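To start, the structure itself, in structure tokens.
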Amino acid sequence: MRRASITPFRRAPEYLIVGSGLTGAVLARKLQDAGRSVLVIDRRSHVGGNVFDHVHESGIRVHTYGPHYFRTKSDEIWRFVNRFATFYRYEACVQSKVGSDYENWPIAGSYIRRKIGETWQPEFRGQPTNFEEAALSLMPRAIYETFIKEYNEKQWGVPADQLQAELCRRFDVRLDDDPRLMPQHPHQGIPVEGYAVMMQRMLADVRVELNIDYLADRALFKPTVMTIFTGPIDAFFDYSMGRLHYRGQQRETMYLADVDRYQPAAQVNEPLHAGGPHIRTLEWKQMMQPHEQQQVRGTVITRETPFSPQRADEYEYPFPDDANRALYRRYREAADQLENVLICGRLGEYKYFDMDHAIARAMTLSQRLMAGGTVREIVRGAA
């Protein structure tokens, strides 16, 4: 990582944005559109954060940091992203491998009826206090132990009853057997030219400096209005209260030159320890448009195996337990006392955002920024 060495503005920018992922890029776009002067800096050698892809030498487009299925219920967000990309329709369908069988994910109601019976009941009744109880409030124990328990223990590295109950909000049982991952979202797709191009266009006329480590040289940057920091909140404070825990994915990508189709769906989850340490296998060719699939030879797959990263650029998932939530609240209180520094985004707010939620959050923050108010009011919406 090189030390900061940038040509200064004739005058300092009003806003310095640290990080060019979705939160930083949307804030930069909105502020620039409103006539504010903006400088974006990023540790990486490309913009977009994890919203990035590349084309394998076979011609198959690979999402470098894991699959990104864009979907939203919001017409406003859909119009916004279509300023920077044309999308082809893609509705993700995910399967789970159970032994030698492949079953729909989310779990199909017909599967439960077939395995448990027509009159099945959830295992747990009452108010769930942890993830395991929350999952069992939706399904029988046998289904939970097949699809949910070991998958999440692989993902998080701890027993399921140590995780927060609200993590289960992302799960459901499909009584109608709809195989689509998110059928309730009217707008879904993948950019025709890829996510990397979309993010470049979003920042097209914004000044961007890459390969800059802000935390190593923060005293060199003096915006006139505000610094917007989208990196890890604990790193901003030099881990003075301790480190927040994250999980990431180690990715192993392989090109299979003589295989036309490797698996029955673009994403296949591996929910059981017996299937190996990885939690999913991705076949990128299946995410491409049909005519593009016909033009390439072979296929590219990626296996993802969870781990606990130490480097900030490998952080992907904030850890869903009470201890880390409490530590984050302490950092948040400290952040709220800062003058002219806004810490936000997935790493700054220690919260997992889907892409559309990250865009919506950045739009809201940009409105509050331009309306004025304290940092606490901007972040917490108390203006």
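All of these numbers come straight from a predicted model, not from anything done at the bench. Just so it is clear, the values below take in all heavy atoms, side chains as well, and ignore hydrogens, waters and symmetry mates.
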Considering only NZ, NE, NH1 and NH2 on the basic side and carboxylate oxygens on the acidic side, decide whether D234 and R243 come within less than 4.0 Å.
-> no
Can we say R303 and E270 salt-bridge, meaning some charged N sits less than 4.0 Å from an Asp/Glu carboxylate O?
-> no
Heavy-atom closest pair (S45 atom, L210 atom, distance to 0.1 Å) is O-CD1, 3.3 Å
Could you check L256 against V300 for side-chain contact (heavy atoms from CB on, under 4.5 Å), going step by step and ending with a plain yes or no?
-> CA-CA 6 Å; L256 308 176; V300 175; over 6 Å; no
Heavy atoms only: give me the nearest S20-V40 pair and the separation to one decimal.
-> CB-CG1, 3.9 Å
Show your reasoning for whether side-chain contact (heavy atoms from CB on, under 4.5 Å) applies to V94 and N269.
-> CA-CA 7 Å; V94 176; N269 293 344; 3.7 Å; yes
How would you list, by chain and number, every residue that makes a side-chain contact (heavy atoms from CB on, under 4.5 Å) with Q367, sequence neighbours excluded?
-> none
With a 3.5 Å cut-off and no angle check, do the side chains of H187 and T72 form a donor-acceptor pair?
-> no
Do S308 and H245 have a side chain donor and acceptor closer than 3.5 Å?
-> yes
Identified side chain to side chain contact (heavy atoms under 4.5 Å, CB included) counterpart of R201 within the set R29, E193, R83 = E193
Rounded distance [0.5 Å steps], CG in N130 versus CG in D321 | 12.0 Å
Are W284 and Y195 in one and the same hydrophobic cluster, where Ile, Leu, Val, Met, Phe, Trp and Tyr link if side-chain heavy atoms are under 4.5 Å apart?
-> yes
Separation between CG (L272) and CD1 (I279), nearest 0.5 Å, reads 13.0 Å
Sole candidate of D178, D177, D176 that passes salt bridge (Lys or Arg N to Asp or Glu O under 4.0 Å) when paired with R180 | D178
Out of curiosity, does W78 fall in the hydrophobic cluster containing M182 (side-chain heavy atoms, cut-off under 4.5 Å, transitive links)?
-> yes
Is P106 close to L181 at the side-chain level, that is, under 4.5 Å between some pair of heavy atoms?
-> yes
Step through it carefully: locate the ring centre of Y317, locate the ring centre of Y246, and say whether they are under 6.0 Å apart.
-> no
Could you check R332 against D336 for salt bridge (Lys or Arg N to Asp or Glu O under 4.0 Å), going step by step and ending with a plain yes or no?
-> CA-CA 6 Å; R332 185 80 259 164; D336 287 347; 3.5 Å; yes
S37 to A12 - nearest heavy-atom pair and separation | OG-O, 4.4 Å
Does one hydrophobic cluster hold both I301 and Y69, with members joined at side-chain heavy-atom distances below 4.5 Å?
-> no
Determine, step by step, whether H278 and T281 satisfy the side-chain contact (heavy atoms from CB on, under 4.5 Å) criterion, reporting the C-alpha distance in whole Å, the side-chain angles of both residues, the deciding distance to 0.1 Å, and the verdict.
-> CA-CA 8 Å; H278 62 287; T281 301; 3.7 Å; yes
Does R325 make a cation-pi contact with F319 (under 6.0 Å, within 45 degrees of the axis)?
-> no
CE/M139 to OG1/T146 distance, rounded to the nearest 0.5 angstrom?
-> 10.5 Å
Distance (rounded to the nearest 0.5 Å) between I107 CD1 and L175 CG | 11.0 Å
Any ion pair linking D42 and R44 (charged N to carboxylate O, less than 4.0 Å)?
-> no
Going by the salt bridge (charged side-chain N to carboxylate O under 4.0 Å, His left out) test, which pairs reach into residues 150-159, not counting sequence neighbours?
-> K149-E153
Under the side-chain contact (heavy atoms from CB on, under 4.5 Å) rule, collect the residues that match up with A371, sequence neighbours excluded.
-> none
Residues clustering with F52 (ILVMFWY side chains joined when closer than 4.5 Å, directly or via others) | Y65
Looking at CD1 of I228 and SG of C344, how far apart are the two atoms once the value is rounded to the nearest 0.5 Å?
-> 6.0 Å
Keeping the roles fixed (side chain from K30, backbone from T364), state whether a donor-acceptor pair exists under 3.5 Å.
-> no
Can you find a heavy atom in the side chain of V192 that is under 4.5 Å from one in the side chain of Q289?
-> yes
So, does E209 use its side chain to make a donor-acceptor pair with the main chain of I41 at under 3.5 Å?
-> no
So, are R297 and D258 salt-bridged, with charged N and O less than 4.0 Å apart?
-> yes
Which of these passes side chain to side chain contact (heavy atoms under 4.5 Å, CB included) with Y15: V225, L342, T227, T224?
-> V225
Under a 4.5 Å side-chain heavy-atom rule over Ile, Leu, Val, Met, Phe, Trp and Tyr, are L338 and L369 clustered together?
-> yes
Rounding to 0.5 Å, atoms CE (M241) and CG (L327) come to a distance of 7.5 Å
For L244 against N324, the heavy-atom pair lying closest together = CD2-O, 3.5 Å
Run the numbers on M288 and I60 for side-chain contact (heavy atoms from CB on, under 4.5 Å), then give the verdict.
-> CA-CA 8 Å; M288 297 167 62; I60 296 171; 3.8 Å; yes
Is it the case that more than 12 heavy atoms not belonging to Q184 sit under 6.0 Å from its CD atom?
-> yes
Is it true that E314 and R251 make a salt bridge, defined as a side-chain N closer than 4.0 Å to a carboxylate O?
-> no
Is the CZ atom of R125 crowded by more than 12 outside heavy atoms at less than 6.0 Å?
-> no
Does R36 reach the main-chain N or O of E14 with its side chain, forming a donor-acceptor pair under 3.5 Å?
-> no
What are the two closest non-hydrogen atoms of E316 and P318, and how far apart are they?
-> O-CD, 3.8 Å
Determine, for E145 against R141, whether the closest basic-nitrogen to carboxylate-oxygen distance falls under 4.0 angstrom.
-> yes
Residues E283 and Q286: side-chain donor-acceptor under 3.5 angstrom = yes
Take R361 and E349 through the test salt bridge (Lys or Arg N to Asp or Glu O under 4.0 Å) and record every step on the way to the result.
-> CA-CA 11 Å; R361 177 64 171 160; E349 298 179 67; 2.8 Å; yes
For T129, side-chain contact (heavy atoms from CB on, under 4.5 Å) partners two or more places apart = E133
Taking C-beta and beyond as the side chain, do V341 and F236 meet within less than 4.5 Å on heavy atoms?
-> yes
Parallel, tilted or perpendicular, as decided by the 30° and 60° cut-offs, for the rings of Y350 and Y328 = parallel
Per-pair distances, 0.1 Å, donor-acceptor, side chain in residues 352-359, under 3.5 Å, sequence neighbours excluded:
from: D354; atom 1: OD1; to: R170; atom 2: NH2; distance (Å): 3.4

Could you pull out the closest heavy-atom pair between E304 and L282, with the gap in Å?
-> OE2-CD1, 3.6 Å
Determine whether F84 and L27 fall in the same hydrophobic cluster, where Ile, Leu, Val, Met, Phe, Trp and Tyr are linked whenever their side-chain heavy atoms lie under 4.5 Å apart.
-> yes
Quick one: sort the Y144 and F131 rings into parallel, tilted or perpendicular, breaks at 30° and 60°.
-> tilted
Test item: side-chain donor near acceptor, T23 and T230, under 3.5 Å | no
Heavy-atom side-chain proximity of V47 to Q200 below 4.5 angstrom = yes
Determine whether more than 12 heavy atoms belonging to other residues, nucleotides or ligands lie under 6.0 Å from atom CD of E339.
-> no
